[in-house]
Amino acid sequence: MNRQERPPFQPSWRKPVGMLTIMVLITAWAVLVGSLSGLIGSLPMLLQVLVYVFLGVIWIWILPLRQLLAWMETGRWRR
């Protein structure tokens, strides 16, 4: 297929919606962690690290964003 035969590029609405959703998730995460900072700050240091790793890496990035990013690219929630 040469350059003239390709269909024109059609931008997807999923990427702006996905980026907005990511911004909302990050804001909600920051509010949650900020509101829990007094409670988390009273825990021993090692436990604080585990809580922040869970809340930051697993709860925000791995669980919801993996599927959200896949949806943004493919339009499907599962790979």
Side-chain angles (χ1 to χ4, degrees):
M1 185 185 270
N2 66 27
R3 189 170 205 125
Q4 285 102 10
E5 293 177 22
R6 291 183 184 165
F9 175 72
Q10 294 293 325
S12 171
W13 59 271
R14 291 188 310 269
K15 289 193 180 188
V17 169
M19 288 186 284
L20 181 62
T21 304
I22 289 170
M23 296 302 292
V24 168
L25 284 172
I26 290 172
T27 302
W29 175 82
V31 169
L32 174 71
V33 171
S35 65
L36 294 175
S37 65
L39 177 66
I40 296 170
S42 67
L43 298 172
M45 183 63 71
L46 185 58
L47 198 52
Q48 286 182 37
V49 170
L50 294 174
V51 167
Y52 283 121
V53 165
F54 174 77
L55 289 177
V57 175
I58 296 172
W59 188 71
I60 262 294
W61 295 113
I62 293 175
L63 296 178
L65 289 186
R66 185 175 75 190
Q67 289 184 347
L68 180 61
L69 291 171
W71 172 78
M72 287 170 60
E73 289 295 322
T74 65
R76 290 173 283 168
W77 287 103
R78 303 254 181 221
R79 289 183 184 197

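Position 1 is the first residue of the sequence, and the numbers go up from there. Every heavy atom of this structure was used, including side-chain atoms; hydrogens, water molecules and symmetry mates were not.
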Note: L43 and L47 closest approach over all heavy atoms is CD2-CD2, 4.0 Å
Taking only residues two or more places apart in sequence or in another chain, which ones pass side-chain contact (heavy atoms from CB on, under 4.5 Å) with I22? I26, L65, L68, L69, M72
Contacts satisfying salt bridge (charged side-chain N to carboxylate O under 4.0 Å, His left out) that involve residues 34-44 (not counting sequence neighbours) are none
I'd like to check the side-chain contact (heavy atoms from CB on, under 4.5 Å) partners of I40; sequence neighbours left out, ordered by chain and number. L36, Q48, V51, Y52, L55
F54/L50 under side-chain contact (heavy atoms from CB on, under 4.5 Å): CA gap, chis, key distance, verdict: CA-CA 6 Å; F54 174 77; L50 294 174; over 6 Å; no
Give me each pair satisfying salt bridge (charged side-chain N to carboxylate O under 4.0 Å, His left out) with a member in residues 27-38, each pair once, sequence neighbours excluded. none
Write out all pairs satisfying side chain to side chain donor-acceptor pair (under 3.5 Å) with one or both partners inside residues 14-28, taking only residues at least two apart or from two chains. K15-E73
Listing request: all salt bridge (charged side-chain N to carboxylate O under 4.0 Å, His left out) pairs with a residue in residues 42-55, at least two apart in sequence or in separate chains. none
For residues 41-53, the salt bridge (charged side-chain N to carboxylate O under 4.0 Å, His left out) pairs (sequence neighbours left out) are none
Please determine whether residues M19 and W13 belong to a single hydrophobic cluster, defined as Ile, Leu, Val, Met, Phe, Trp and Tyr linked transitively by side-chain heavy-atom distances below 4.5 Å. yes
If I compare all heavy atoms of G34 with all of S37, which pair ends up nearest, and what's the gap? O-OG, 2.9 Å
